[in-house]
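All remarks here apply to the structure that follows.
Everything numeric here is computed off the predicted structure, so don't read it as measured data. The sequence lines fix the lettering, A, B, ..., with proteins before strands; numbering per chain opens at 1.
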Amino acid sequence: MLAVVGENGAGKSSLMNVLYGLYQPDVGEVSVDGQPVRFKSPRDAIARGIGMVHQHFMLVPTLTVAENVVLGREPTRRGLFDLERAVSEVAATCARFGFQLEPRARVDTLTVGSQQKVEIVKALHRGAQVLVLDEPTAVLTPQESDELAHIMRGLVAQGRTVVLISHKLKEVLGVADRVAVMRRGRVVAEVRAAETTVEQLASLMVGEGHSARAAGLADLHGGIPPGAATARHEPASSGAARPPGEATPTLTAEPGSRPPGETSLAGAVLLEARGLQALGDNGRPALRGVDLTVRAGEIVGIAGVDGNGQRELAEVLTGLRPLTSGEGTLLGGPLAGLTPAQARGRGVGHVPEDRLRRAVVKALTVEENVALGRHTRPPFARGPWIDFSGRRERTQALLSAYDVRPPDPAVPLHALSGGNQQKVVVARELDARPKLLVVVQPTRGLDIGAVAQVHAKLREAREQGAGVLLVSLDLEEVLKLSDRVYVFFEGRVTGHFTRPEYDERELGRRMLGAGTGHG
Amino acid sequence: MAERLKAILPSVLSVLLALAVCWALIAFTMTSGTATDAYLQMLWGGIGNWPSFLDGAAATVLTRPLGESAMKAALLTLTGLSVAVAFKVGLFNIGAQGQMILGALAAAVVGAQLSLPSALHVPAALLGAALAGAAWAGLAALLKLYRGVHEVISTIMLNWVAVSLVDNWLVIGPLRGVAEAGQSITGTAEIQATAVLPRLLGDLSRLNLGFPLALLLALAVWAWLARTRPGFETRAVGLGAEAARAAGVPVARRTGVAMALAGALAGLAGAVLVLGTEGRYPGTLGAPYGFDGIAIALIGNNHPLGATVAALFFGVLRAGGTRMQLLGVHKSFPELIQGLALLFVAGRMVWLAVLRRRQASPGSGPAPAAVTPSTEAPRV
Amino acid sequence: MLRLQVLALAALLCACSKKEEPAPAAGAQGPATTEPSARKPIPVGLVIDVGGRGDHSFNDAALRGLELYAAGKRYEGGKYVDATPTEVRETLPPHMASLASSIQPLPVKPMVLQSKAQEDYTPNLQLLVDQGAQLTVGNGYMLANAVRAAAQENPKARFLLIDSQVLDAQGKVLKLPNVRTVLFKEQEGSFLVGALAGLVTKTGKVGFVGGIEVPLIQRFEVGYRAGVKTTNPQVAQTLMSVYTGSFNNMAAGKQVAQDLIAKGADVIFHAAGADGIGVIQAVKEARAAGKSVYAIGVDSDQSHVAPDAILTSMMKHTDLAIYQATKDLVEGKFSAGEQVLGLKENGVGMAEVRVDFPGKAEALQKVDALRQRIVAGEIQVPAVPAELASFQAAAP
């Protein structure tokens with residue numbers, strides 16, 4: 001098993017897309033089993049035994065597991081789709097590789113972890129000898145990540161090759177045989193997993209002379225920063241890749257910039273909600289009675305597996321989704337009937353999960369995006385007119401404060417990388433000095449440096465007295481930043497933890513539904 | 001500047017290519033000399049016959065063609081703006097024709113039925129036309145916002161409804177102009193002299209207030225879109241409705257207002273036609289300026305000023321193109337040039353792809369970055 | 001005054017035909033080949049309406065008058081070629097064949113502009129004036145306003161307006177010193193084809209398809225009704241009349257005609273410009289399907305569109321009117337004023353009946369008798385619907 005690690009933008013995804021036939025190499029060649037090949041499309045790659053599991057699943061939610069797996073090469077009987085054969089074939093593949101999946105289950109009823117298994121089975125079913133997994137654990141619970149690691153090892157034991165793309169160094173070291181480190185489009189090192197450490201990998205990833213960033217990086221990934229003076233208790237991180245022998249289920253604290261357990265910043269109640277209910281996009285209840293409080297000066301985390309109502313909660317609080325029942329007070333006004341404009345007016349900031357859909361308009365320029373939502377107020381407007389110079393000045397200030405590259409306010413937003421786009425969003429929302437900041441998956445897809453920066457900014461907002469509601473699928477992130485954590489499962493709160501009493505195992509159990517009925 | 005050039009280039013190349021193709025077609029069916037003569041005739045018919053003017057001919061050899069071009073350009077500018085404004089809010093307004101028909105009828109009715117001093121009559125007729133067009137477009141917007149009917153479907157349907165309602169009923173029925181017994185007239189009653197758009201050059205040409213009005217509106221629309229808060233919100237809704245909603249932009253209101261504005265502009269095109277040159281709603285509103293507006297907007301890159309430039313160009317071409325007939329060239333060539341240009345502009349994606357490939361091939365370094373946006377698109 | 005002019009026109013045509021009988025062949029080829037260097041042709045403009053060239057009807061009649069009769073040319077693929085006298089003769093119905101020799105090419109250069117929309121009329125007229133046209137023809141009542149505007153703007157230019165008088169803003173007749181207008185008694189020609197239809201129908205049902213319902217087109221309908229009533233009063237009571245509302249929509253004409261055929265009509269008269277081509281097509285298709293149906297063409301002899309299906313055509317000799325105006329111009333005799341041309345003046349008529357049906361000779365005899373009575377003034381054909389009820393059918 002080979003792991004490919006590197007910062008965002010280092011070229012991991014591009015490399016894999018070349019392997020999978022999505023992009024054609026300009027120079028150089030790809031060989032399979034010693035033969036040079038040229039993939040014009042994923043179809044060619046599949047034919048040569050390469051399978052890919054994307055970060056975003058490519059499944060049809062309303063079809064069954066079996067249908068999804070055979071899609072594109074359906075077994076037929078007299079020209080008609082033969083469902084029975086599909087089911088038995090898929091069941092056979094599952095049995096062979098040790099997957100526990102019900103072929104007749106509809107994909108949209110499965111957990112994210114199971115959906116990922118469907119993706120893997122799909123690739124294997126097509127005869128994949130080489131399986132490429134792109135950031136597979138990003139959306140999984142610790143338990144699920146463990147299981148995935150197990151599956152991957154099983155595949156390797158059966159003679160398959162697994163290529164794992166990740167920037168979770170620790171998890172990589174736990175499962176991979178070899179690790180290739182990429183930086184700026186090149187493989188800068190290739191090491192045996194057994195012979196390296198998180199710290200070494202981190203400094204390889206960022207390159208020479210970036211010790212500070214490497215430190216932050218290693219910190220983030222649960223290593224000891226090279227040359228760090230403070231003796232810190234090594235915090236155990238969550239994840240699938242727990243090195244054998246390490247058994248510290250209780251996460252005492254990850255200190256960040258303040259002493260553990262401090263919640264004295266918490267002040268006035270900003271949000272008080274009782275019995276919130278709302279429907280999801282599919283018209284089914286997504287929130288089924290949520291009680292929630294957020295105070296000024298605290299970060300409140302929402303932990304949970306994807307699709308358990310966290311996103312809908314964020315949308316309710318920002319006026320994007322109507323409540324079907326329940327009541328609450330948000331910054332001095334009722335929660336029911338809230339419009340996005342009212343939410344903004346009361347001082348709610350929002351860093352949504354789906355950046356391109358909800359937060360920015362990628363065809364507009366950077367400065368126009370910075371103005372979006374505040375375009376009616378100075379310095380972005382003067383009366384009914386746009387204030388071009390005010391907008392330019394403020395944008396330039398933000399771009400340099402957040403180290404956005406390129407720092408050009410006039411380019412269209414889509415000219416920026418995803419990480420820089422996210423920085424623009426965070427910059428904009430924090431610049432508005434919100435009283436309550438609703439943040440969903442703020443660091444998804446960001447590289448390590450950017451993640452650290454966003455985290456620092458969130459803490460800064462907290463210290464300045466804002467309340468922050470942090471929704472993230474990355475449990476590590478939630479635990480690291482939050483003063484309190486609500487655990488969501490199927491639209492209900494199944495657990496409530498206050499720092500420092502974070503019990504990661506218990507959290508994980510709650511995320512999977514244990515404890516329903518209280519909390 | 002280079003960015004801007006890149007945005008304009010496909011349109012310019014498309015128009016040139018269309019001109020070349022039509023020249024070749026004429027040369028192929030007739031002679032190359034005829035084709036060149038026809039193009040020269042078109043040019044002199046569009047921008048004025050400068051050679052004969054310099055030879056001492058009357059000023060009308062300049063003013064008449066220029067006036068005709070300007071009037072065509074005014075109509076094309078207004079319908080082009082109509083389509084472009086709707087595009088900005090993310091709607092494809094195929095209904096400019098119907099909106100123009102309603103506007104023309106309103107202008108004809110206000111112009112003929114009301115008795116007002118000139119200073120009030122012209123604005124009243126223009127306002128009536130704008131309101132009628134806006135209401136007609138507003139119907140499509142309401143259907144979209146409250147019933148989810150796609151605007152392409154509803155505006156196409158409303159075009160037919162407009163034709164049936166106005167051309168096939170009102171104008172030959174209740175609103176038909178009355179003539180002395182036994183005399184046949186087409187269209188509605190003639191508008192009163194107070195409602196006629198004043199001519200700018202008197203007898204020298206038919207150029208009237210409609211042309212500066214269209215240019216002024218183009219500037220105003222551009223300023224509104226580029227410089228004002230509501231205009232910014234409109235663009236944001238067009239480019240990312242969800243993000244705009246999340247940012248507190250009243251999406252429904254912006255959509256409705258932009259669509260109504262689009263309708264008003266198309267309605268004004270009808271008014272300029274009726275109050276400027278026709279003097280009444282003709283039996284049928286023959287020329288499909290509303291549909292031309294789609295071409296004008298697209299060739300103008302959906303930019304208000306771009307559309308104006310395109311309208312000026314095609315105004316010259318269409319007004320001058322009539323003269324091609326004097327050489328026996330078929331009457332449809334000016335429209336053919338416009339249609340081909342549109343076709344080539346629609347191939348803009350191909351243009352851009354060609355440009356990108358050419359840029360990407362020498363240095364492979366920035367290629368992934370350049371590719372990313374396009375590969376992202378289908379996923380979103 | 002008016003009658004006088006008309007008589008003069010008719011007399012003139014006759015006189016010419018007698019005088020120049022032996023010389024047609026030389027005359028037809030003469031001016032185009034031998035004379036151009038001697039005398040520069042006089043430009044004469046013609047603006048035809050949105051129906052365009054090739055409508056086999058109203059516009060083609062006008063083009064024939066200017067291009068074939070006046071200039072002796074045929075328009076082919078964007079160019080003019082010389083026409084033969086035979087071609088001229090073939091366009092005239094039998095009872096007017098004698099006129100053929102009186103139609104001699106004149107030293108004129110035709111300039112034709114087709115219009116793409118109503119708003120093109122005025123600029124097109126202006127363009128022709130600017131191009132030096134000595135006489136500019138506006139073909140059709142839809143150009144009435146445009147001719148008014150152009151004539152007022154160019155007091156020195158001369159205009160011929162077909163099918164309408166010039167009207168002012170209130171719809172009152174306006175007399176302009178540089179415009180000659182020509183109206184036709186369409187009711188008289190329509191009367192004849194109506195009379196024939198009444199004799200030919202077997203189903204006892206006949207139909208009429210009009211374009212836009214204006215007094216002009218109503219004259220066709222009223223005359224047709226009167227003709228049917230004269231030869232077959234019962235059929236007249238069930239006569240079906242429909243207006244398409246346009247002159248350039250073939251599909252509409254076809255649809256309407258199919259409907260009439262389905263309701264049992266076996267003779268359909270159209271006065272609907274290009275829509276009428278659709279009517280003829282519908283009839284042609286119905287015949288192919290085994291139904292015995294006829295269409296009656298309008299304005300030009302439309303027999304060649306569908307030889308089997310066209311019973312006859314109601315001829316409207318705009319061609320002759322345009323030829324005459326051009327001739328007057330060349331001879332320096334052009335005068336403004338009104339002309340109203342009926343059967344008597346050869347302004348309207350009935351085309352040769354080229355199809356066979358039982359009792360054809362007898363029927364034609366009856367119709368011709370009616371024609372002579374109209375010419376003699378014994379029958380006053382009604383022109384407006386109000387007069388129709390009181391019109392007493394005089395048995396042939």
When the 4.5 angstrom heavy-atom criterion is applied to A:F388 and chain B, the contacting part is side chain
In the structure I gave you, are the side-chain heavy atoms of A:K362 and B:L239 within less than 4.5 Å of one another anywhere? no
Contact list for residues 251-260 of chain B, test side chain to side chain donor-acceptor pair (under 3.5 Å), sequence neighbours left out: B:E233-B:R254
Check A:P340 against B:A246 and note the closest heavy-atom contact, atom names and distance. CB-O, 4.0 Å
Please flag which part of A:R358 lies under 4.5 Å from any non-hydrogen atom of chain B: side chain, backbone, both or neither. both
Any donor-acceptor N/O pair, B:R229 side chain to A:G383 backbone, under 3.5 Å: yes
Verdict with reasoning, A:H375 to B:V249, per side chain to side chain contact (heavy atoms under 4.5 Å, CB included): CA-CA 10 Å; A:H375 54 275; B:V249 173; 3.8 Å; yes
Looking at A:L372, A:T376, A:L364, which makes the most heavy-atom pairs under 4.5 Å with chain B? A:T376
At what distance, to the nearest 0.5 angstrom, does CZ of B:F232 lie from CZ of A:F380? 9.5 Å
Greatest number of non-hydrogen atom pairs under 4.5 angstrom with chain A, of B:A223, B:A226, B:P250, B:P230, falls to B:A226
Report the residues that fulfil side chain to side chain donor-acceptor pair (under 3.5 Å) with B:D292, sequence neighbours left out, ordered by chain and then residue number. B:R318, B:Q338
Looking at residues at least two apart in the chain, or sitting in another chain, which of them share a side chain to side chain donor-acceptor pair (under 3.5 Å) with A:R392? A:E367
Where do B:A236 and A:V361 come nearest, in terms of heavy atoms and distance? O-CG2, 4.1 Å
NZ/A:K435: more than 12 non-hydrogen atoms of other groups inside 6.0 Å: no
How would you list, in number order, the residues of residues 310-323 of chain A that have a heavy atom less than 4.5 Å from chain B? A:L320
